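Report on one structure; see the data block that follows.
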Amino acid sequence: MSKLLRKPNKAEQELTVIHNVTTENSSLEYVEFKVVDLTPGAKYAEELDEKEVCIVAVTGRINVTDQEQTFRNLGTRESVFEQKPTDSVYISNNRSFEIEGVSKARVAICYSPSENQLPTKLIKASDIGIEHRGVQNNKRLVHNILPDSDPSANSLLVVEVFTESGNWSSYPPHKHDQDNLPYESFLEETYYHEMNPKQGFVFQRVYTDDRSIDETMTVEHGDVVIVPAGYHPVGVPDGYVSYYLNVMAGPKRTWKFHNDPDHEWILKSRQ
Ligand SMILES: O=C[C@H](O)[C@@H](O)[C@H](O)CC(=O)O
């Protein structure tokens, strides 16, 4: 199995760590990512050092505290495929946090480096920027949870994307693996995937210009794909809807991607 593909832990306890992608157990240097499942009353707590987090109520309802403020009953959906934005909380470096399950909940904890402590921020579902991107078979719905236009974070970018049956996203293939602004930024990335129906799959290719990375993966419900570098398109088979949550981070908090020149004609042919 590809080293870029992570399968979910399927144990079921009060607190279950479904995924734990770290800079120690992956090739990433900026992005870290956890998915935890909580039953009602179960708690997950952590002390942050030089990292910031965005805590996303993926499904179900949670309480979140940074020991100074407490945000209660966060979360707006039982399934991501209700396709409505959800609540998140940004917490900066050198703070601690605790997440408590109010209902059965799945929570994404998105990490990146941070040295300049910023205020904790509730990112309300109602404040999420919604984008309908693409045309023809590249249509996708984007919820910008923590985009580079929001100055609330030091290095973290978080977005969730819905791609309908028979469509592609992160397509035409693009990459952001060069620290070369204004032309391209260097952002590592993780994808947390869900499928509807659950037995579905998508194909995701991660590849570099020199093909030193060239992995095409069959990605299933609950899988994580790690993108240390390279283009990273996603194709969704007929009959299924794809969801993924992206975490991005790098030396500069700017999302400036570069399209694969072999496929950029697709965009130009539709102008
Ligand atoms: O670089 C960002 C990720 O590849 C996705 O968020 C992608 O941009 C989603 C899309 O526009 O299709």
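Whatever order the structure lists them in is the order used to number ligands and atoms, beginning at 1. Heads up: numbering here begins at 1 and tracks the sequence. Fair warning: this is a prediction, and the values are worked out from it, not measured in the lab. The figures that follow rest on heavy atoms only: side chains count, while hydrogens, waters and symmetry mates do not.
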Check the angle between the aromatic planes of His193 and Tyr191 and answer parallel, tilted or perpendicular using the 30° and 60° thresholds.
parallel

At under 4.0 Å between heavy atoms, what of Tyr191 touches ligand 1? The answer is side chain

Determine yes or no for a side-chain-to-main-chain donor-acceptor pair under 3.5 angstrom, with Ser2 supplying the side chain and Leu4 the backbone.
yes

Shortest heavy-atom approach to atom 12 (O) of ligand 1 - which of Pro173, Ser170, Ser185, Pro233:
Ser170

Atom 10 (C) of ligand 1: the protein heavy-atom neighbour that sits closest, reported with distance to 0.1 Å
Arg140 NE, 3.3 Å

Do the ring centers of His232 and His176 come within less than 6.0 Å of each other?
yes

Looking at Ser169, which atoms of ligand 1 are within less than 4.0 Å of one of its heavy atoms?
12 (O)

Ion pair present between Asp223 and Arg6, side-chain N to carboxylate O less than 4.0 angstrom?
no

Those atoms of ligand 1 less than 4.0 Å from some heavy atom in Trp255
1 (O), 2 (C), 8 (O)

Once you restrict to heavy atoms under 4.0 Å, what part of Tyr244 touches ligand 1? Side chain, backbone, both or neither.
side chain

Thr65 side chain vs Gln67 backbone, donor-acceptor pair below 3.5 Å
yes

Checking the N or O distance criterion of under 3.5 Å, is ligand 1 in contact with Arg133?
yes

Which bit of Phe257 gets closer than 4.0 Å to ligand 1, counting heavy atoms only: side chain, backbone, both or neither?
neither

With heavy atoms of His176 as the reference, note each atom of ligand 1 found under 4.0 Å away.
1 (O)

Just jot down the ligand 1 atoms closer than 4.0 angstrom to any heavy atom of His232, in number order.
1 (O), 4 (O)

Going by atom types alone, do Asp150 and Tyr90 pair a side-chain donor with an acceptor below 3.5 Å?
no

What's the separation between atom CD1 in Ile266 and atom CG in Asn138, rounded to the nearest 0.5 Å?
6.5 Å

Numbered in order shown, the ligand 1 atoms found under 4.0 Å of a heavy atom of Met248 are 1 (O), 2 (C)

Using a strict cut-off of less than 4.0 Å between a Lys/Arg side-chain nitrogen and an Asp/Glu carboxylate oxygen, indicate whether Lys175 and Asp260 qualify as a salt bridge.
no

Do the ring centers of Phe201 and His221 come within less than 6.0 Å of each other?
no

Tell me: protein heavy atom nearest atom 2 (C) of ligand 1, and distance?
Glu189 OE2, 3.3 Å

List every atom of ligand 1 that sits less than 4.0 Å from any heavy atom of Val159, numbering the atoms from 1 in the order shown and giving each element.
6 (O)

Shortest protein heavy-atom distance from atom 5 (C) of ligand 1, along with the residue and atom involved:
Asn246 OD1, 3.1 Å

